[in-house]
Peer 1: 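My questions all concern the structure below.
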Amino acid sequence: MASAARAVAASPQTTSRPLRAWQQAALEKYEQASPKDFLVTATPGAGKTTFALTLASRLLQRREVARVVVVCPTDHLRLQWAEAADRLGIVLDPNLTNAVGPVRAGTQGYVTTYAQVAGKPMLHAARSTAVKTLVVLDEVHHAGDGLSWGEAIEEAYGFAARRLCLTGTPFRTKPDERIPFVRYEEDGFEGDLGGEVGLVSRADYTYGYKEALADNVVRPVVFAAYTGTSRWRNSAGEVVAASLSEAGTRSVEMQAWRTALDPKGQWVPHVIAAMDDRITHLRENGMPDAAGLVLASDQDDARDYAKIVRRVTGKAPELILSDDPKASKKIERFATGSARIAVCVRMISEGVDVPRAAVLAWMTSYRTPLFFAQAVGRVVRARAAHESATVFLPAVRPLLSLAASMEEQRNHVMPPPKTVQGDELDLEPLPPKEREVDGVKQFEALEADARFAHVLHGGTAHTGAGSGAVVVAAEDEDFLGIPGLLTAEQTAELLAKRDDELRLRIAQRQHEDTGELPIVEDHPDEDDAGRSWRDAAELRREINRLVSRVSAKTSTPHAVVHTELRKSVPGPPSASASVDVLRARRERLRTML
């Protein structure tokens with residue numbers, strides 16, 4: 001098997017590209033200590049996957065481990081990890097289910113999800129202790145998403161030979177759940193606990209956004225904030241109006257924000273038009289494949305936003321929803337294609353690699369530091385020194401605060417356990433849509449307009465107001481004044497000047513017959529030659545088809561054909577058989593027809 005041969009012969013230094021300085025430094029620190037547990041905190045886009053797989057390759061080469069298991073948050077990331085591993089000569093199976101016991105022969109391990117481990121932790125414990133295993137826990141903060149997940153991870157991998165924990169966001173919102181395999185130290189904790197002693201996690205290696213920016217590993221990012229007046233009707237039938245950026249109370253601000261995100265208003269179309277304008281500018285000035293992401297709160301909003309994108313830009317976006325069986329294929333197609341915009345809920349919020357995405361429209365109600373950092377991380381992955389990223393967001397205090405503090409280094413602060421009333425969501429949404437009580441609507445969004453407010457960079461608001469604008473310091477000119485692109489102040493000037501033009505464009509589109517989104521035909525499947533885990537999946541499907549044909553021809557039950565097949569070509573069941581065994585069984589079936 002070609003992939004397996006590559007894995008055996010691979011040199012510890014073999015990677016698809018030279019290691020970055022931080023990756024090499026982290027590897028040297030790991031190898032000096034050779035620890036059982038190692039936690040790496042690296043900003044999104046820094047290259048945690050390459051670091052982890054390079055370490056895995058070295059440990060496999062030295063026979064310090066014989067198997068690699070990667071645990072990640074989503075099914076799409078399983079494919080992404082498997083493909084990245086394949087490029088380094090490591091064969092990891094992303095299709096292994098809990099219904100299959102042994103790890104398939106010819107592989108060096110597999111990729112699974114936190115949910116799958118929680119389903120059968122003892123099965124994964126057996127797999128990780130059968131041989132010396134390196135367990136990579138990607139975005140390990142997910143092990144704290146619920147007591148059941150944390151307990152399952154600890155049960156499954158408590159006796160593994162080595163564990164590598166990775167995270168790009170070293171903090172959580174749930175105060176009563178420790179993350180397994182993370183080292184904590186006592187520390188003072190200011191805030192809601194009134195100075196009580198808390199627990200702070202300690203990473204073994206940390207690589208923050210500031211360091212990554214200085215190394216040109218991530219793109220510089222500016223935040224374009226849009227205000228506007230929202231109008232809604234409350235449960236008493238009163239019409240309330242408030243500005244996004246000048247709402248007096250938190251409650252009013254939340255309702256104004258919620259109204260702005262309503263697809264029936266004008267705030268969303270206006271910001272999408274501004275986003276599209278920015279993509280056009282990037283494509284004309286050094287990023288010919290630049291793309292944007294629209295993050296929605298739920299699937300209904302995502303579908304409506306997709307229609308707005310089609311109406312405003314004249315082009316259908318890629319609509320990526322978690323319940324779509326083709327979601328992973330759509331992400332891959334968007335990442336490598338030429339489409340301008342993708343609309344999604346959470347499918348591209350964490351870990352998913354779309355290097356050409358450089359613009360983000362924040363049209364979701366989620367506002368936790370964890371989600372914010374992960375989502376912004378999707379558009380900051382650098383490919384060349386001349387690229388930059390822009391995030392469009394509502395001019396509300398919670399988001400502006402997160403944007404202003406993005407460059408701060410954060411510790412994973414863990415206050416002492418306390419009783420929590422009800423479930424605390426990892427994502428903090430706006431108030432839910434209330435049901436009608438006795439036929440009376442509790443809330444009804446009426447309308448919302450949009451106006452450019454300012455560009456936020458380095459905690460400073462650049463309004464683009466001509467001579468009255470904030471002067472950009474010399475160091476900021478070096479930071480963002482890249483040839484062919486805009487400084488923060490110039491971006492503000494552009495957005496401010498285009499406001500009226502964008503409004504006219506949207507008004508014209510409103511009068512056009514929009515119809516439904518056109519059907520975008522799927523691309524033909526790629527040639528997967530050499531990718532053993534994909535070969536195995538296709539071979540299993542082909543064997544099942546051939547068994548059906550043999551069964552019909554000989555009037556023999558399917559189960560009997562399978563049994564005879566295993567006698568003719570010995571080995572484990574097809575679900576865990578190697579590619580070589582599957583190919584032999586396929587040829588045997590062909591001779592029976």
Side-chain angles (χ1 to χ4, degrees), residues 36-37 52 56 65-82 85 90-167 174 177-182 322-323 325 327-328 346 350-351 423 426 532-534 536-537 540-541 544 559 562 566 571-579 581-582:
K36 185 181 184 68
D37 289 298
V65 300
R67 176 172 293 166
V68 177
V69 175
V70 178
V71 187
C72 57
T74 66
D75 283 331
H76 178 76
L77 289 179
R78 295 174 71 177
L79 302 178
Q80 192 166 292
W81 269 96
I90 303 173
V91 182
L92 300 181
D93 187 351
N95 298 318
L96 191 64
T97 67
N98 286 349
V100 178
V103 178
R104 183 166 58 81
T107 68
Q108 281 69 55
Y110 63 98
V111 191
T112 186
T113 64
Y114 287 97
Q116 191 173 359
V117 174
K120 282 190 177 180
M122 292 307 296
L123 170 64
H124 293 271
R127 290 172 177 169
S128 65
T129 54
V131 296
K132 287 186 177 181
T133 300
L134 168 67
V135 178
V136 179
L137 298 168
D138 184 28
E139 304 298 352
V140 70
H141 52 266
H142 282 278
D145 279 354
L147 287 174
S148 61
W149 279 25
E151 291 170 353
I153 293 299
E154 192 164 20
E155 184 178 3
Y157 304 119
F159 296 99
R162 303 284 185 97
R163 292 180 294 258
L164 173 63
C165 297
L166 307 173
T167 183
K174 299 179 182 180
E177 299 164 11
R178 288 198 188 197
I179 295 177
F181 318 129
V182 172
S322 58
D323 61 356
S328 290
R346 296 188 64 184
E350 183 173 62
D423 295 326
D426 178 46
S532 63
W533 52 269
R534 287 189 173 178
R540 284 193 289 268
R541 287 191 290 269
N544 288 333
H562 277 291
R566 286 189 64 184
S574 294
S576 55
S578 68
V579 168
V581 171
L582 292 172

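Since the model is a prediction, treat every value here as computed from it, not as a measurement. Because only heavy atoms are used, hydrogens play no part in the values below, and waters and symmetry mates are left out as well, while side chains stay in.
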Peer 1: Arg163 side chain to Phe181 main-chain N or O, any donor-acceptor pair under 3.5 Å?
Peer 2: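 Side chain of Arg163 to backbone of Phe181: no pair is present.
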Peer 1: Going from CH2 on Trp81 to NE2 on His76, what distance comes out if it is rounded to the nearest 0.5 angstrom?
Peer 2: 13.5 Å
Peer 1: Does any non-hydrogen side-chain atom of Asn544 lie less than 4.5 Å from one of His562?
Peer 2: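 The answer is yes, as the side chains (C-beta and beyond) meet within the 4.5 Å cut-off.
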Peer 1: Can you name the nearest heavy-atom pair linking Asn98 to Leu123, along with the distance?
Peer 2: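 In this case the closest contact between Asn98 and Leu123 is O-CD2, 3.3 Å.
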Peer 1: Once rounded to the nearest 0.5 Å, what's the spacing between atom OG1 of Thr107 and atom CG of Asn95?
Peer 2: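 Spacing of OG1 (Thr107) from CG (Asn95) equals 11.5 Å.
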Peer 1: If I compare all heavy atoms of Ala156 with all of Val117, which pair ends up nearest, and what's the gap?
Peer 2: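 What the structure gives for the nearest pair is CB-CG1, 3.7 Å.
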Peer 1: Before you tell me yes or no, could you show the steps for Arg162 and Lys132 under side chain to side chain contact (heavy atoms under 4.5 Å, CB included), namely the whole-Å CA-CA distance, both residues' side-chain angles and the distance that decides it to 0.1 Å?
Peer 2: CA-CA 8 Å; Arg162 303 284 185 97; Lys132 287 186 177 181; over 6 Å; no
Peer 1: Can you see which heavy atom on Ala118 is nearest to which on Pro121, and at what distance?
Peer 2: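 Smallest interatomic distance, heavy atoms only, reads O-CD, 3.6 Å.
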Peer 1: Decide whether a cation-pi geometry holds between Arg104 and Tyr110; the criteria are a distance under 6.0 Å from NZ or CZ to the six-membered ring centre and an angle within 45° of the ring axis.
Peer 2: no
Peer 1: Would a distance-only check, ignoring hydrogens and angles, find a side-chain to backbone donor-acceptor pair under 3.5 Å from Arg540 to Leu582?
Peer 2: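 Checking the backbone N and O of Leu582 against the side chain of Arg540, no donor-acceptor pair under 3.5 Å is found.
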Peer 1: Is the shortest side-chain heavy-atom distance between Thr112 and Leu96 below 4.5 Å?
Peer 2: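 Result no, sub-4.5 Å side-chain heavy-atom pair not found.
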Peer 1: Could I get the full list of salt bridge (Lys or Arg N to Asp or Glu O under 4.0 Å) partners for Arg67, not counting sequence neighbours?
Peer 2: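 Here no residue qualifies.
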Peer 1: Between atom SG of Cys72 and atom CD of Glu139, what is the distance when rounded to the nearest 0.5 Å?
Peer 2: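 Reported value, rounded in 0.5 Å steps: 10.0 Å.
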Peer 1: Do Val136 and Leu166 touch side chain to side chain, with heavy atoms closer than 4.5 Å?
Peer 2: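 Yes; the side chains approach each other to less than 4.5 Å.
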Peer 1: Could you state the interatomic distance from CZ (Arg127) to NZ (Lys120), rounded to the nearest 0.5 Å?
Peer 2: 9.0 Å
Peer 1: So, Ser578 side chain and Ala105 main chain: donor-acceptor pair closer than 3.5 Å or not?
Peer 2: no
Peer 1: Does any part of the side chain of Val69, heavy atoms only, come nearer than 4.5 Å to the side chain of Tyr157, both counted from C-beta?
Peer 2: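 Result yes, sub-4.5 Å side-chain heavy-atom pair found.
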Peer 1: Nearest 0.5 Å, what's the OG1-CD distance between Thr97 and Gln116?
Peer 2: 6.5 Å
Peer 1: Thr133 and Ser128: which non-hydrogen atoms are nearest, and at how many Å?
Peer 2: OG1-O, 3.0 Å
Peer 1: Can you name the nearest heavy-atom pair linking Val71 to Val135, along with the distance?
Peer 2: CG2-CG1, 4.4 Å
Peer 1: Output the distance between atom CG (Leu92) and atom CZ (Arg78), rounded to the nearest 0.5 Å.
Peer 2: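 One finds 11.5 Å between CG of Leu92 and CZ of Arg78.
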Peer 1: Where do Val111 and Ala82 come nearest, in terms of heavy atoms and distance?
Peer 2: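 The pair with the smallest heavy-atom distance is CG2-N, 4.3 Å.
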Peer 1: Using side chain to side chain contact (heavy atoms under 4.5 Å, CB included), reason through Thr113 and Asp75 one step at a time and then give a plain yes or no.
Peer 2: CA-CA 7 Å; Thr113 64; Asp75 283 331; 3.6 Å; yes
